[in-house]
Amino acid sequence: MSSVFGKPRAGSGPQSVPLEVNLAILGRRGVGKSALTVKFLTKRFISEYDPNLEDTYSSEETVDHQPVHLRVMDTADLDIPRNSERYLNWAHTFLVVYSVDSRQSFESSSGYLELLALHAKETQRSYPALLLGNKLDMAQYSRQVTKAEGAALAGRFGCLFFEVSACLDFEHVQHVFHEAVREARRELEKSPLARPLFISEERAMSHQAPLTARHGLASCTFNTLSTVSLKEMPPVAQAKLVTVKSSRAQSKRKAPTLTLLKGFKIF
Ligand SMILES: Nc1nc2c(ncn2[C@@H]2O[C@H](COP(=O)(O)OP(=O)(O)OP(=O)(O)O)[C@@H](O)[C@H]2O)c(=O)[nH]1
């Protein structure tokens, strides 16, 4: 609500301080984690990719009129969760992805949800997760997981469920990411001091030593992995930060966007 009589305007005051949200995308290899990430950030679908690339991207979003600094970690586990602390200790919210044309990937997604449930139990906190059935465009040809099965699995873990396609419309993909932000925001509002740990880019850490959680997380670090054997938290020297302004990414193709596209071929 805006007013000329001194009442707060929408988007002013505390609302103009960006909410910091870290989101990790989990799932078996090939389910479309990178494709969804790139679709969300650039509105485009990728055809080729580096399966070993694990990066964290940063995007300024507006969700429900609130500015949000969203960091997205596109993870690169192989077939099962590995070194999961790197995202468990970092993310406020998770997208667990399977492909509707792969039962194996659906079974893996259940493993990821169990991992998150266990982590929540151990840390006595709750971590919002959304379950995504990707490659919906393939459903008419080769669906192996029904929508009801996806919904039932999500129901078992109390999370939201969507079926999407990284190669269809951008709005559905954006909606899912924004829902994840809303879930994170609800959780942060409940316990604002109980923030996940994070790795600072400025301070070299030889391993995942926790830093003091505080309001307004500093910049995070990001894994760029180039070989299959390097699936662990990389040394800080390898870390890099990639920033993308999603609203400008497609139209202006500024340098940050080109950085994002490293490793991807876009058409
Ligand atoms: N038809 C269709 N293909 C998709 C979709 N999303 C991704 N793909 C394709 O599926 C393959 C794997 O996609 P990625 O985004 O690399 O999958 P990923 O989960 O990041 O895989 P890793 O990097 O190995 O962990 C690529 O060939 C994509 O082009 C989709 O929604 N529909």
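FYI, side chains are in, hydrogens and waters are out, and symmetry mates aren't considered; it's all heavy atoms of this structure. We count ligands from 1, going down the list as the structure has it; atoms in each ligand are counted the same way.
In terms of polar-atom proximity, defined here as any N/O pair under 3.5 Å, G30 does make such a contact with ligand 1. Distances between N or O atoms of A76 and those of ligand 1 include no value under 3.5 Å. Backbone and side-chain nitrogen or oxygen atoms of L136 are examined, and none is located within less than 3.5 angstrom of a nitrogen or oxygen of ligand 1. Any N or O atom pair closer than 3.5 Å counts here, and S165 shares at least one such pair with ligand 1. The shortest N/O to N/O separation between K135 and ligand 1 falls below 3.5 Å. Between G32 and ligand 1, at least one pair of N/O atoms sits closer than 3.5 Å.
A salt bridge links E114 with R156: the closest approach of a Lys/Arg side-chain nitrogen to an acidic carboxylate oxygen falls below 4.0 angstrom. Under the 4.0 Å criterion applied to side-chain N and carboxylate O atoms, E149 and R103 are assigned as salt-bridge partners. Ion pair E183/R186 flagged as a salt bridge, since at least one NZ, NE, NH1 or NH2 atom sits closer than 4.0 Å to an Asp/Glu carboxylate oxygen.
Heavy atoms of C167 come nearer than 4.0 angstrom to ligand 1 in at least one pair.
Ring geometry for F170 versus F40: interplanar angle under 30°, hence parallel rather than tilted (30 to 60°). Using cut-offs of 30° and 60° on the angle between ring planes, the pair Y112 and Y87 is tilted.
Against a heavy-atom cut-off of under 4.0 Å, A166 is close to the following atoms of ligand 1: 6 (N), 30 (C), 31 (O). Listed by number with element, the atoms of ligand 1 under 4.0 Å from a non-hydrogen atom of S34 are 15 (O), 18 (P), 20 (O), 23 (O). The atoms of ligand 1 that sit less than 4.0 Å from any heavy atom of A35 are 6 (N), 7 (C), 15 (O).
Of the heavy atoms in M138, only side-chain atoms (C-beta onward) come closer than 4.0 Å to ligand 1.
Within the set D137, V173, N134, V97, the minimum heavy-atom distance to atom 1 (N) of ligand 1 is found for D137.
At a cut-off of 3.5 Å, with distance as the only test, no side-chain donor of E187 or H92 sits close to an acceptor on the other residue. A donor and an acceptor atom, one from each side chain of S99 and S102, are nowhere located under 3.5 Å apart.
Residues passing the side-chain contact (heavy atoms from CB on, under 4.5 Å) test with T62: none are found, sequence neighbours excluded.
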